[in-house]
Amino acid sequence: MMRQKTRLILALDETEVQKALSVAQAVKDQVDAIKINWPLVLSAGPSVITQLSHLAPVICDFKVADIPNTNRLITEQTVKRGASGIIVQGFVGHDSVKAVVQAAGKADVFVVTEMSHPGGKDFTAPVADRLAMMALEQGARGVIAPATRPERVRAIRKLVGDLLILSPGVGAQGGSAADAIRHGANYVIVGRSIYEDKDPKTAAQRIVAEIGDAL
Ligand code: O7M
């Protein structure tokens with residue numbers, strides 16, 4: 001179960017392992033979860049999942065996108081390492097998402113809808129509403145929707161009811177944390193604006209304050 005204290009999720013895409021760990025240590029009380037992706041896992045090894053899980057809940061953003069059996073195997077290995085959440089692509093279809101939900105057990109599953117970068121409009125945006133509905137139908141805990149297009153966060157909120165919305169694209173990609181929250185996101189995901197700052201803790205505190213004002 002996601003904690004919901006600050007509504008900030010750190011995207012820890014720092015590949016220098018010692019720096020990544022020191023950023024995690026510095027901001028662990030400012031974030032509700034730490035999201036890790038291939039850059040850090042490939043650099044530090046999968047044991048980093050377990051290591052970070054001692055500091056904060058870890059969401060593995062592996063954007064799992066395979067047939068149901070392979071999705072299940074990936075999810076089992078991820079959860080076994082101590083992940084509290086896992087992120088899956090929805091475009092592979094309902095059975096692939098269902099396999100992740102079934103294998104995740106108590107861990108939360110989040111389905112990517114429309115992606116935040118300009119290319120996200122090419123293929124994901126036109127089917128984002130259907131992806132969101134499918135996430136709901138398959139028992140996911142939430143969806144990912146772009147802070148770079150807050151009006152899309154609002155549209156997806158209308159479709160998914162009480163599902164959690166996690167919104168990346170704040171700061172480095174041009175989105176605003178306050179806008180994402182005001183348009184219906186439960187959490188914002190922030191990477192470079194925190195881990196590339198010379199004072200990650202203060203950077204995180206600033207975003208937490210901005211979220212607090214927007215609630
Ligand atoms: O704040 P940034 O731009 O440095 O990092 C954003 C993080 O969010 C980074 O880890 C991306 O992989 C992720 N992300 C997006 O930027 N856009 C998306 O549409 C989806 C994600 C994501 O987290 O998907 C689960």
Side-chain angles (χ1 to χ4, degrees), residues 2 7-16 19-20 23-24 27 30-44 48-49 52 57-65 71 74-75 78 83-92 97 100 104 107-128 131-132 135 140-153 155-156 163-177 179-180 183 185-197 200 203-204 206-208 210-211:
M2 287 281 284
R7 296 165 184 262
L8 174 62
I9 296 171
L10 170 67
L12 192 54
D13 297 325
E14 169 64 54
T15 54
E16 204 186 299
K19 169 132 191 265
V23 170
V27 308
Q30 265 67 53
V31 299
D32 283 337
I34 298 175
K35 182 185 84 69
I36 57 174
N37 195 332
W38 295 115
L40 181 60
V41 173
L42 291 173
S43 149
V48 75
I49 300 169
L52 288 172
V58 173
I59 299 174
C60 284
D61 177 11
F62 294 155
K63 296 196 179 69
V64 185
N71 273 8
I74 295 168
T75 305
T78 304
S84 301
I86 183 161
I87 297 176
V88 55
Q89 289 285 14
F91 61 73
V92 272
V97 171
V100 175
D108 292 321
V109 177
F110 302 98
V111 177
V112 179
T113 62
E114 170 176 338
M115 293 195 72
S116 60
H117 62 313
K121 286 188 169 176
D122 294 348
F123 297 107
T124 58
V127 293
L131 292 169
R141 181 88 172 96
V143 295
I144 313 292
T148 47
R149 291 176 219 113
E151 71 287 357
R152 293 297 301 144
V153 174
I156 287 170
L163 284 201
L164 297 178
I165 297 182
L166 282 46
S167 197
V170 166
Q173 295 179 54
S176 129
D179 279 353
H183 285 73
N186 301 89
Y187 299 88
V188 293
I189 295 172
V190 185
R192 285 164 286 180
S193 300
I194 297 174
Y195 68 77
E196 284 183 354
D197 197 286
R206 256 198 315 270
I207 299 165
V208 168
E210 187 189 330
I211 293 169

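Computed from a predicted model, the values in this text were never measured in an experiment. Ligands are counted one by one from 1 in listed order, and the atoms in each one are counted from 1 as well.
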Can you list the ligand 1 atoms lying under 4.0 Å from a non-hydrogen atom of Asp13?
9 (C), 10 (O)
Please list, chain by chain and in numerical order, all residues satisfying side-chain contact (heavy atoms from CB on, under 4.5 Å) with Ala44, sequence neighbours excluded.
Val17, Leu40, Val48
Arg192: numbered ligand 1 atoms lying under 4.0 Å from its heavy atoms:
1 (O), 2 (P), 3 (O), 4 (O)
Could you tell me, atom by atom, which parts of ligand 1 come under 4.0 Å of a heavy atom of Asp61?
12 (O), 22 (C), 23 (O), 24 (O), 25 (C)
Answer yes or no: does atom NZ of Lys63 have more than 12 heavy-atom neighbours from other residues, nucleotides or ligands under 6.0 Å?
yes
Smallest heavy-atom separation, Ala65 atom then Phe91 atom, equals CB-CZ, 4.1 Å
Of all the heavy-atom pairs spanning Ala20 and Glu14, show the shortest one and how long it is.
N-CG, 3.6 Å
Under 4.0 Å to a heavy atom of Ile87 - the qualifying atoms of ligand 1, by number
25 (C)
Give the minimum heavy-atom separation between Ala172 and Ser193, together with the two atoms involved.
N-OG, 3.4 Å
Would you check whether Ser116 has a nitrogen or oxygen atom less than 3.5 angstrom from a nitrogen or oxygen atom of ligand 1?
yes
Taking only heavy atoms of Met115, which atoms of ligand 1 are found under 4.0 Å from at least one of them?
18 (C), 19 (O), 20 (C)
Distance filter under 4.0 Å to Ala11 heavy atoms, resulting ligand 1 atoms
7 (C), 10 (O)
Run the side chain to side chain donor-acceptor pair (under 3.5 Å) test against Tyr187 and tell me which residues pass, sequence neighbours left out.
Gln4
Please check whether Gly191 reaches ligand 1 - meaning an N/O of the residue sits under 3.5 Å from an N/O of the ligand, judged on distance alone.
yes
Looking at ligand 1, does Glu196 have a heavy atom less than 4.0 Å from it?
no
Report the nearest protein non-hydrogen atom to atom 24 (O) of ligand 1: residue, atom name, distance rounded to 0.1 Å.
Lys63 CE, 3.2 Å
Looking at ligand 1, does Lys35 have a heavy atom less than 4.0 Å from it?
yes
Ligand 1 versus Pro168, non-hydrogen atoms closer than 4.0 Å: side chain, backbone, both, neither?
side chain
For Asn37, the ligand 1 atoms whose distance to one of its heavy atoms is below 4.0 Å:
12 (O)
Among all protein heavy atoms, pick out the one at the shortest distance from atom 6 (C) of ligand 1; state its residue, atom name and that distance to 0.1 Å.
Gln173 NE2, 3.6 Å
In short, Arg7 meets Asp32 closest at the heavy-atom pair N-OD2, 2.6 Å
